[in-house]
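Because only heavy atoms are used, hydrogens play no part in the values below, and waters and symmetry mates are left out as well, while side chains stay in.
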Amino acid sequence: MTIVSSALSTLRHGISTAALLTAFAAPAYAQSTAPVQSTTDQTTPATPAQQDIQSQEESTAPAAQSNQSQGGDIVVTGTLFRNSNATSLSPLTVLTTETLQRANITTVNDAIRSVSADSAGSISTGFRNGFSAGGAAVSLRGLGVSSTVVLIDGLRSANFPLNDDGHNAYVDLNSIPFSIVDRVEVLKDGASSTYGADAIGGVVNLITKKHFKGLEASAQGGATEKGDGSHYRATMTAGYGDYQEQGFNFYLNGEYTYDGYITNNSRGYPFNTLDLRPSGLTDRNRNDDSLTTSNPQAVVVRVGQSDLNNPLAGGIGTPLTPNYQLLNPNSCPYGTFTVTSGAAQGTGCAHNIADEYNIIQPRQQRYSATGRLSVRLADNIEAYATGSFSRSEVSITGAPSNIRQTQPFGGSAALASSNPGIVLPVYICSAGTNCATATDRQLNPNNPYAAAYAANPGQGAARIFYLFGDIPGGSDRYVNVYRATTGVSGTFGDGFGFRLDGVYARDDFSVTQHGALNIQGLLRAINTGAYNFVNPQLNTQAVRNQISPDVTTKSYSTTAAIDGSITKAVLALPGGDLNFAIGGQVRRETLLNRNQNAGLNFYALNTSSATGRHTVTAGFFEIDAPIVKALDVNVSGRYDHYSEGYNHFSPKVGVKFTPVQQISFRGTYAEGFRAPTFAESNPGSSYAGFSSFTPPASFVAAHPGNASYTTSYNIGSGATGNPNVNPEVSRSVTLGTIFQPVRWFSLSVDYYNIKKSNLIVSGPRRADAIAAYYSQTNSTAGCNALAAVGAGYSCNVIDAPDPSNPNALPRLLVFNVPYVNANYEVSSGLDFQATANVPLADGVRFTSRLDVTDVLRFDLVTQNAAGVRVVQKYAGTLGPYELSSGGGTPRIRGNWQNTIEAGPYSLTATTYYVGRIKQVAADEITPDSTGFIDLSCKNSLSPTQTGPSQCYVRPFIYVDLNAGVQVNDQFRFFINVQNLTNAHAPLAAGAYTSNPNYLSSWHYAGLVGRNFSAGASFKF
């Protein structure tokens, strides 16, 4: 018992890979089998021996499986040919219905992101901040969500209307119905020669059920062991018509999924705080020790007010008194703190904002309806039509808005309420203007200095530090996806095959923001005294709506395409028929992502937008030549023309050599491209963002006596679409082997190397531009120096002069940067995949699948201002840190699924592993003059680590357990325990403070904790 407890403890803390292997290799070792995968999850198409095994496995499936008639050719992603040797030339992971069911995977997001090749830039549902909050996306090989193509039955769908990081386009995985998916194919190779733009990192193809006869339904429910994060799912599929006998089939499918909130408070330390002193790290929580950090109980200090009509005209510089005070000293729900030294002294209410307001998992519900009609028009011609509607709703809650805000991007610096700081006047009145002389004036009950300075209101204003705790912050987001497809395929003439497919898809997106502050509404509420800062709970909803009305913004995107191809076996070769295919595509894409703050009326609302439309025409071909039985060569190419005026040809060559039946060698060379998104290329698009900046020492020295002007502040940069930007281009190579020494075991090992050049980036010399400005002594010279950095760089907004030092250089608040082509990146690594299907006894079978990726290299190569080459190395670190998910690049990711089936019973353990991550990021470290970036622990993003061990995020291992019983041919019952050992997410102190101390992309299961569910399905 002690040994078992020790092993579980090791798994719980996710430290020992050896413990993992020991715990789950034991059953396999006892039967003298290896840790491998079910043959229905082929990483390559089945050899004759594998087909025999597959037939054996299918023969053990429940009789109800005969309800589903798949029929037709086997379609594999990455080739125009069906049932050909070309299907095994590139690394391919296939997740079948059985694999997904055994792992209790019930969403497209979880299915695709479980693949080990998903890497840096991947977006999980748990990422609730930034542009992509509520969405989910895959980033194969870490090359970004816009360098992975997501298809449904080989056809594109509309992109999510919001771009990740303001400019990266992707398909939202959360909006795709899952219960109609028959299998998921992930092509981990460049495929622009077949699919066109963006297929650089790879292609995800969701293959849906083609035919269904009978009735099938399922229901599932559960929650975490803490009683939150409730999960419910229900599906039903009904189909009529025997396609083989009657020549037609029609089915309808419906699906509903609900996931409840999980709060940071419920998960406790360290995921609910910025105070990491218990771990020997720094306390970064300023809400319990700083009077100038806003809290839900207002703190004020007396300052002057130069314009009594304008709360934004508070006195600049040091307050008129060092004593800060609470407006309501009896209102502190979590106690108080007192500061007795420094510039800001007094007592405030102590808070832990992350614990009080943050959530780990948003509330989300999804529902969908899908129909499909398949008809055999003739013995050699088939047709189909599908239609689907899906809706995803995400509700995100967050911290309340701060009364101290930077100006909206593009707005005047005079609108900033953070510098020098918004104030409460001495007098209020019903009109809100000229209150000091109004007939109905009264002393401001929110200003404790009002009575003492009634005769001198210009010296009695109260600078306020406050969070609007009575106005909930967050957003509600929904996306409706409408999709219709139709197609016809068959043969004609002397052995010609043809396909013609059409698709139309539209994503309608709406976001309603809660808690954003309307600037004029806030100023009026202050001047009229309508808002009660002393007792906020007494405010009426009407006043709250005046200050913070809900803001709803709608956007949409569409895709419409027609694809056609013709195939022909043109020549008999010693190894088989030489096949030739040719085809074309016409595709129309549109996007309208509206500006959430077009009138610059709100603080903190995003001003980014994107718009555009274009037509893409393409022609493509493929030749598959089995020169001899042991050697197959495949050549393909595609030419794409975009209506914006640019073109690209994408070739690919693949070779497979099989000297003996037990081993094959394969390799590919491909060139591809990523087309500029509308945000990057359309002048009507714009992206705006702020980042923290600390002025240099020379600037601080030039501004003595005004610390508020020289402290860290948010500096903004904005980019508009550049019509002259060119596509990114890529070169990719794969080399691999497939090893099958016995019928029940198959292993593949593949090396990949991808170089993506001509990267589309915004402001690659952003840091140089800021440094150029601050190298000067006045704003004119500063802006000239900034503009000299390069075309597209210019000053946008300069701060008002420092009143204490009016002749010194003012602050740079906002500057413009261009989208340009620059730099290149290289991603390389190894994929390991193994499968096994071992009959142990009559009616007893052991199946296993292993999927591991080792990232050997992920580098971004740039140049500094002096033209010196700089290499940013990301593999195994938190870089690239500037991506919205900020999850870094684990060097090793993998999963291992083991299943025992005995008659009607099955038991599956799926183990997931993420390797350790060094808490440094090359894109956050300034290189030296030679271009060297020091990735040692002294540059750790972890705050003030006290030992080398805290420089790393430790490895993370967790196990899901699923048990099922096939009660009879019609009924199946199952129970599932996710994160069986309740493994905790490792401490990641270098993570974004908005996701305190965890990496949601990789360690989400460790935040949720042990999760129970049970369900049943029936078939007729």
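- Nearest heavy atom pair, residue P626 against residue D577, reads CD-O, 3.2 Å.
- For the pair R376 and Y243, the cation sits on the ring face: its NZ or CZ lies under 6.0 Å from the ring centre, inside 45° of the axis.
- S557 places a side-chain N or O within donor-acceptor distance of the main-chain N or O of N159, the cut-off being under 3.5 Å.
- Judged by distance alone, the side chain of Q897 and the main-chain N or O of T99 form a donor-acceptor pair under 3.5 Å.
- Taking the six-membered ring for Trp and the full ring otherwise, F160 and Y170 have centroids separated by under 6.0 Å.
- Side-chain N/O atoms of S88 and K656 include a donor and acceptor closer than 3.5 Å.
- With rounding to the nearest 0.5 angstrom, the CD1 atom of I207 is 11.5 Å from the OG1 atom of T97.
- Checking Y384 against D153 by side-chain atom types alone, no donor-acceptor pair falls below 3.5 Å.
- A pairwise comparison of heavy atoms in S565 and F620 identifies CB-CE1, 4.3 Å as the closest pair.
- With hydrogens and angles left out, the side-chain atoms of T615 and R588 include a donor and acceptor closer than 3.5 Å.
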I would like to know whether E901 and R102 meet side-chain contact (heavy atoms from CB on, under 4.5 Å); could you show each step before the answer? CA-CA 11 Å; E901 295 173 298; R102 290 165 183 161; 3.9 Å; yes
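- Between the side chain of D640 and the backbone N or O of N647, no donor-acceptor pair lies under 3.5 Å.
- Using a cutoff of 4.0 Å between basic side-chain nitrogens and carboxylate oxygens, R141 and D831 are scored as salt-bridged.
- A distance-only check finds a donor-acceptor pair linking the side chain of E255 to the backbone of F178 [under 3.5 Å].
- Looking only at atom types and distance, the side chain of S1017 has no donor-acceptor partner in the side chain of S218 under 3.5 Å away.
- The distance from atom CG of L578 to atom CG of L573, rounded to the nearest 0.5 Å, is 5.0 Å.
- The closest side-chain heavy-atom distance from K210 to D182 is not below 4.5 Å.
- Shown here is L592, whose CG atom has more than 12 heavy atoms of other residues, nucleotides or ligands within 6.0 Å.
- In this structure, a donor-acceptor pair under 3.5 Å is present between the side chains of Y669 and E671.
- Judged purely by distance below 3.5 Å, without hydrogens or angles, the side chains of D189 and T668 pair a donor atom with an acceptor atom.
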Pair V616-V586, side-chain contact (heavy atoms from CB on, under 4.5 Å): steps then yes or no: CA-CA 6 Å; V616 183; V586 178; over 6 Å; no
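- Using a 4.0 Å cut-off between charged side-chain N and carboxylate O, D563 and R499 make no salt bridge.
- Looking only at distances, a side-chain donor or acceptor of T737 sits under 3.5 Å from a matching main-chain atom of S664.
- Atom OG1 in T106 sits 5.5 Å away from atom CD in Q220 (nearest 0.5 Å).
- Remark: R506 qualifies as a cation-pi partner of Y556 under the 6.0 Å distance and 45° angle criteria applied to the six-membered ring.
- Put simply, the side chain of Q365 reaches to within 4.5 Å of the side chain of Y256, judged on heavy atoms.
- The closest side-chain donor-acceptor pair between S390 and S175, if any, does not fall under 3.5 angstrom.
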Could you walk me through whether R391 and Y367 pass the side-chain hydrogen bond (donor to acceptor under 3.5 Å, both in side chains) test, one step at a time? CA-CA 6 Å; R391 180 181 175 94; Y367 44 91; 3.2 Å; yes
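- For the residue pair E589 / Y642, no side-chain donor-acceptor distance below 3.5 Å is found, with atom types taken as modelled.
- Atom OH of Y240 and atom NE2 of H211 lie 15.5 Å apart (nearest 0.5 Å).
- Residues I176 and I152 are in side-chain contact: their nearest non-hydrogen atoms beyond the backbone lie under 4.5 Å apart.
- In this structure a side-chain-to-backbone donor-acceptor pair under 3.5 Å is missing from N837 to T847.
- Using a 3.5 Å distance cut-off with no hydrogens or angles, the side chains of T485 and T386 do pair a donor with an acceptor.
- Using modelled atom types, one finds a donor on one side chain and an acceptor on the other under 3.5 Å when comparing R372 with S374.
- Between N253 and the options T237, T370, T208, a side-chain hydrogen bond (donor to acceptor under 3.5 Å, both in side chains) holds for only T237.
- In this structure, CG in L92 is found 10.0 Å from OG in S748, a value given to the nearest 0.5 Å.
- No side-chain heavy atom of F665 sits under 4.5 Å from any side-chain heavy atom of I738.
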Go through V171 and V149 one step at a time and tell me if the side-chain contact (heavy atoms from CB on, under 4.5 Å) criterion holds. CA-CA 8 Å; V171 173; V149 169; over 6 Å; no
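- Ring pair F1020/F1018: centre-to-centre distance below 6.0 Å.
- Under 3.5 Å, the side chains of N962 and Q101 contain no donor-acceptor pair of N or O atoms.
- For the residue pair S90 / K652, a side-chain donor-acceptor distance below 3.5 Å is found, with atom types taken as modelled.
- In summary, D750 and K188 do not engage in a salt bridge, as defined by a charged side-chain N under 4.0 Å from a carboxylate O.
- A donor-acceptor contact under 3.5 angstrom links the side chains of T77 and E185, judged on distance only.
- For the residue pair S179 and T235, no side-chain donor N or O sits within less than 3.5 Å of a side-chain acceptor on the partner.
- A donor-acceptor pair is defined here as one N or O able to donate and one able to accept, closer than 3.5 Å; such a pair exists between the side chain of R156 and the backbone of Y195.
- L500 has its side chain within reach of I562: a pair of non-hydrogen atoms, C-beta onward, lies under 4.5 Å apart.
- A cation-pi arrangement, defined by a distance under 6.0 Å to the six-membered ring centre and an angle within 45 degrees of its axis, is absent between K568 and F580.
- The shortest heavy-atom contact between A834 and L747 is CB-CD1, 3.9 Å.
- Side chain of Y251 to main chain of K209: a donor-acceptor pair is present (N/O by atom type, distance under 3.5 Å, no hydrogens or angles).
- For F678 and H614, the distance between ring centers is under 6.0 angstrom.
- Residue F492 places its CZ atom among more than 12 non-hydrogen atoms of other residues, nucleotides or ligands, all under 6.0 Å distant.
- The backbone N or O of V145 lies less than 3.5 Å from no partner atom in the side chain of T148, so there is not a single donor-acceptor pair.
- D198 has no carboxylate O lying under 4.0 Å from a charged side-chain N of R674, or vice versa, which leaves the two without a salt bridge.
- The shortest heavy-atom contact between A675 and Y646 is CB-OH, 3.7 Å.
- Annotation for V203 and A199: closest pair CG2-CB, 3.8 Å, computed over non-hydrogen atoms.
- Taking all atoms of both residues into account, the shortest heavy-atom contact from L95 to S114 is CD1-OG, 4.1 Å.
- Checking T79, T567, T194 one by one against E622, the side-chain hydrogen bond (donor to acceptor under 3.5 Å, both in side chains) holds for a single residue, T79.
- The closest donor-acceptor contact from the side chain of N109 to the backbone of N174 lies at 3.5 Å or more, if one exists at all.
- Separating the CG atom in N895 from the CG atom in L850 is a distance of 7.5 Å, to the nearest 0.5 Å.
- A donor-acceptor contact under 3.5 angstrom links the side chains of Q833 and T93, judged on distance only.
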